[in-house]
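Right, one structure below, let's go through it.
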Amino acid sequence: MPRLFPRCQHQGCRRGRDHPDPLQGNSHTMMRHPIASLVETALQAAAAANELNTSPFPAVIIGTPASPEHGDFSCNIAMQLAKAERKAPRQVAEIVIRHMGNGNGLLAKTEIAGPGFINFFISAEAWHSALLEIEAQGDAFGRTSAGKDAKVQVEFVSANPTGPLHIGHGRGAAIGDSICRILTATGWDVTREFYYNDAGQQIANLALSVQARCLGIGPDDPRWPADGYQGEYIKDVAESYLSRETVHADDQHVTALGDSHDLDAIRRFAVACLRHEQDLDLKAFDVHFDVFTLESSLYSEGRVDDVVRLLGENGHTYEQDGALWLRTSAFGDDKDRVMRKSGGGYTYFVPDIAYHLAKWERGFTRVINEQGSDHHSTVTRVRAGLQALDRGIPKGWPEYVLHQMVTVMRGGEEVKISKRAGSYVTLRDLIDEVGRDATRFFFIMRKPDSQLVFDIDLAKQQSPDNPVYYVQYAHARICSIFENAAEKGFTAPERPRADGIAALRAPEEMQLIKLLAALPDTVDESALHFEPHRLTNYLSELAGCFHSFYGKHRVITEDPDLTGARLYLLKRTAQTVKNALSILGISAPERM
RNA sequence: GCGCCCGUAGCUCAGCUGGAUAGAGCAACGGCCUUCUAAGCCGUAGGCCAUAGGUUCGAAUCCUAUCGGGCGCGCCA
């Protein structure tokens, strides 16, 4: 979603404004960063020797070649410099290499290839020592310090309390929660927030619907409210209300008055009831929030009035047709928007602006809103309103992650999701049917930008076709190998002798090691782009790599050194799979 | 009509802030269990990266049009 994220001024940095550079000061990135340093040092040395004259040098980007013949990593700096240096790219590459060391044995070989790539071949010793580093980092392996403990707030789900959470909310919950976990894993100080509307027209409809049910009026009755909520759950709320139950939601308790004529009491009770249900859904999904903000609080604290006054003082509002308008078109919107309706009352986006101003005043210079793309129009409006406040809030603040629609398939047919009709697939139904792990995995396995087909049959299937089982099975299979090894007298984890690890030479072993070492980079990239699917893809690839190794080599052999080395490698593999799953809130079963 | 997202193998999707011969899984076809979990592995086949221009050393990736699909376009949220 390029338009939503203004480009950063920093070289080599894609995300907006002032924030820690994900590759700066990151000691956990195993290979990429040391290589970048080698290249940078070489460039400086070449400049000092007057062999290169470009100043400043562009950011050094270390890529990963598609083909193994091209090494483990590559750098395109020579091609970037060629024009300015007025030299052939390969000639520039030659100069760079001449001034570059081998990084204390990190590099086995450096080549110039193709149009001017510098290809790096990491030494086997360096890969082997990466395993030791992975062991040393333990549960922390995969975590990085890219965020430098800076504050970030993530708002997600934010469903209105008018019904149970549905599939769309589920995707939002899974993506939002995963983003929070990934940001935490990359060293950010994350606050998770849920905002809900407990004041608008939809809530009035909810109250009227519950009241109607209290009075024994159903949807077929002519007295049924025009935009009433017809779901069965409304009947349950009404019954609870009439029997004067007490519900707990967020940090409040609400006891029903049981009076069918007190609409306000019905509203408060219904909101608490449905919020309570949503909390249970989220709990079943293992999704938790730090802060709940109620729309009504923005009114009661005077924040909405403050915002309206500020916008007026700044000269961005005007009266027309009996309504108060905000000149959002002056800030990139298609047209101006009504703030106060001619019949009184503010439109939803006014408290939205107040809410975001409050976020800003709470000190969050970085805020991410995860929501369905059907609410895309709020992005421009909220940002326009914040600009009109003239409070020094950056133009691209807050950032947005918008996820596309979910289609649910069962038995090869689309399951229609309709609040009106009975075929209403809730998040809870889905979790109950396919399980929490599979639900989470499936919701995040595609890029948020892409529409998602959720195949219930596949998600339930215990077969390699099902990516979540495929990944979890890799972990369970390794655990099983260790049980077997223990029976045969090998203690796990078997740390190989100092030179024992060098027994790992087979292509499948080396490939596995390289993939393990890539986890920190993958986590960083995932955080940078707000794309959890990069981690599920990584996990699928890692699991495949392990299964492939398993198919070709025996772990427990006659050779104790080789057995020890392989057990050690598999211990790191299991650890890496578990750590990556853990970052996504998915379990790593030891037995399946 | 306007805005946003998407368009890559028959299907579902990756493709790492522009890089080297475009990848995976499923489906299809052919192999592999007296041996650490077959919930697995190996192989074959499958492509004008929607189309047309442009930017440059280089484009699936960036820009502009066009076509196709989704979402939004309210004094609802």
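Residue numbering restarts at 1 for every chain, and letters A, B, ... go by the order of the sequence lines.
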(request) Establish, yes or no, whether a centroid distance under 6.0 Å links the rings of A:Tyr400 and A:His376. (result)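 Centroid separation for A:Tyr400 and A:His376: 6.0 Å or greater.
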Do the side-chain N or O atoms of [X] get closer than 4.0 angstrom to the phosphate oxygens (OP1, OP2) of [N]?
X: A:Lys83; N: B:C57; answer: yes
X: A:Tyr469; N: B:A38; answer: no
X: A:Lys447; N: B:G15; answer: yes
X: A:Arg446; N: B:C6; answer: no
X: A:His533; N: B:G15; answer: yes

(message) As a test of your reading of the structure, name each stem of RNA chain B as range with range, where a stem is three or more consecutive Watson-Crick or G-U pairs at under 3.5 Å.
(response) B:1-7 with B:67-73, B:10-13 with B:23-26, B:28-32 with B:40-44, B:50-54 with B:62-66
Between [X] ([atom1]) and [N] ([atom2]), how many Å, whole number?
X: A:Gln404; N: B:G7; atom1: CD; atom2: C1'; result: 13 Å
X: A:Ile118; N: B:A20; atom1: CD1; atom2: C1'; result: 15 Å
X: A:His375; N: B:C73; atom1: NE2; atom2: C1'; result: 14 Å
X: A:Tyr195; N: B:A77; atom1: OH; atom2: P; result: 10 Å
X: A:Lys335; N: B:G3; atom1: NZ; atom2: P; result: 13 Å
X: A:Arg337; N: B:C76; atom1: CZ; atom2: C1'; result: 13 Å
X: A:Ile481; N: B:C41; atom1: CD1; atom2: P; result: 13 Å
X: A:Glu525; N: B:G15; atom1: CD; atom2: C1'; result: 13 Å

Could a donor-acceptor pair under 3.5 angstrom be found where the side chain of [X] meets the base of [N]?
X: A:Ser450; N: B:C6; answer: no
X: A:Asn119; N: B:A20; answer: yes
X: A:Ser373; N: B:C4; answer: no
X: A:Asp465; N: B:G25; answer: no

(message) Less than 6.0 angstrom from the centroid, inside 45 degrees of the normal: does A:Arg171 satisfy that with respect to the ring of A:Phe442?
(response)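 No, A:Arg171 and A:Phe442 do not form such a contact.
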(message) So if I take residues 541-549 of chain A and measure heavy-atom distances to RNA chain B, which residues fall below 4.0 Å?
(response)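 RNA chain B contact set from residues 541-549 of chain A: A:His547, A:Ser548.
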(request) Kindly say whether A:Asn160 contributes a backbone atom to a donor-acceptor pair with the side chain of A:Asn197 at under 3.5 angstrom? (result)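 Pair absent, no side-chain N/O of A:Asn197 close to backbone of A:Asn160.
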(message) Using a strict threshold of under 4.0 Å (side-chain N to carboxylate O), is an ion pair present between A:Glu111 and A:Lys109?
(response)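 Salt bridge between A:Lys109 and A:Glu111, a charged N being under 4.0 Å from a carboxylate O: yes.
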(message) Could you measure the distance from the CG atom of A:Leu515 to the CZ atom of A:Phe549? Nearest 0.5 Å is fine.
(response) 14.0 Å
